[in-house]
Protein chains: 2
Amino acid sequence: MDPAVVGRRVRALREERGLSLSTLARLAGVGKATLSGLEHGTRNPTLETLWAVTAQLGVPFTALLAEPTAEPTVHGTAVTATLLEVFTETDATYELYRMRVAPGVVQLSPAHAPGVTEHVTVFAGVLRAGPADAPLTAPAGGHLRWVSDVPHTYAAVGDEEVAASLLLRYPRR
Amino acid sequence: MDPAVVGRRVRALREERGLSLSTLARLAGVGKATLSGLEHGTRNPTLETLWAVTAQLGVPFTALLAEPTAEPTVHGTAVTATLLEVFTETDATYELYRMRVAPGVVQLSPAHAPGVTEHVTVFAGVLRAGPADAPLTAPAGGHLRWVSDVPHTYAAVGDEEVAASLLLRYPRR
DNA sequence: CCCGACTGTTCCGTTTACGGAACGTAAGCG
DNA sequence: CGCTTACGTTCCGTAAACGGAACAGTCGGG
């Protein structure tokens, strides 16, 4: 586990909220040196420190700490996906994945059950995905949706690895 | 946050697995004194220590850090949202929320920073949301997207509560 | 009985995370 | 231009978390 990762996330969350390092340190009741070191990953923060900071940011620990292990991960030729959450509703079940697509390879996935749809939101890179005969393209920040009861493909456009979230919707039969 | 709670959970998890304190300490690469103090709540463990111990137990941090209910960031009258994950990319950070919208109320939320976009995928119910002057509508399985640097609204259409996932995208400055 | 191997706790010297103060820097204002 | 205010980083003495060793207690075998 990389403390630098935690640091970057804290900094990102702080800046999203428009808080300065000084004010967050004051609100959380920790020293500025502590917070600075935490964000830089040059310190090994204490549970108490982490708690104080995350409480001020209104963020659960989960959001800060990359999942350690035991997460179901699916590996394909180009795609690796880790299951984050499963939402069960009355008429459908949703599976939320964190997805990464390696560049230079095209992955072909078989058809799912009838009515299954996929929603992809691209975080970084450019993704071409969708039905094998008519794939769609989306850049970072973009969103794709298709009905995946036909064979479909995933591919990164260009040299950059694609990061995205994948939401699978399985209608109740 | 009570360190004693964390300690009791670690001890419980360790004993469930039939591990002795000594062996867990050795496996995790921490001192026995450290682990003993951690389980008793008489220490304020370091991120590194927690990581080492939980990794050996095969347990995500979440399981340790009491907050079964977490903290729903109650946006207000109609919407309750809980932060599930934060994704940090090079040009943007993403916050993924689980969202529920109560029927019969319309919620108005203030504008976010420039460039922030919201992606909503509806799981159940019918959602009307988006810029206050031009809201969009989506049924279960549908998807909405808008730029949220203007005031925006959330409302459930009909009597059914809306369940959805909300993805907030904050571009890097 | 002892003995060895094991349990978990306590002691202790070293390492280091802590917060306050001092620092360099940048932006706003007369 | 100063002067002020706020920013984030670095310095530093103190407090405490760290691992190793020594400790008492318990079990099972020769």
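Protein chains get the first letters and strands the later ones, always in sequence-line order, with residue 1 at the start of each. Remember, predicted model here, so these are calculated numbers, not experimental data.
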In whole angstroms, the gap separating P of D:dG19 from CG of B:Leu38 amounts to 11 Å
What string of B, S and - do you get for nucleotides 10-20 of chain C, 5' to 3', if B is base contact, S is sugar-phosphate-only contact and - is no contact with any protein heavy atom under 4.0 Å? BB-----SBBB
Atom-to-atom span, CG of B:Leu19 to C1' of C:dG8 - whole angstrom: 14 Å
Strictly below 4.0 Å: does A:Ser22 bring a side-chain N or O up to OP1 or OP2 of D:dA6? no
Roughly, in whole Å, what's the span from CD in B:Glu15 to C1' in C:dT7? 12 Å
Are side-chain heavy atoms of B:Leu127 and B:Met99 found at a separation under 4.5 Å? yes
Checking the side chain of A:Thr46 only, and the main-chain atoms of A:Thr49 only, is there a donor and an acceptor separated by less than 3.5 Å? no
B:Ser20 side chain near C:dC6 phosphate (N/O to OP1/OP2, under 4.0 Å): no
Distance-only, no hydrogens or angles: does the B:Ser148 side chain make a donor-acceptor pair with backbone N or O of B:Val116 under 3.5 Å? yes
So, the side chain of A:Ser36 versus the backbone of A:Lys32: is there a donor-acceptor pair under 3.5 Å, distance only? no
Does atom CD (B:Glu48) have a neighbourhood of more than 12 heavy atoms from anything else shown, all under 6.0 Å? no
Using a heavy-atom cut-off of under 4.0 Å over every strand shown, decide if B:Arg26 touches base, sugar-phosphate, or nothing. nothing
Residues passing the ring pair (Phe, Tyr, Trp, His ring centres under 6.0 Å) test with A:His112, sequence neighbours excluded, are A:His152
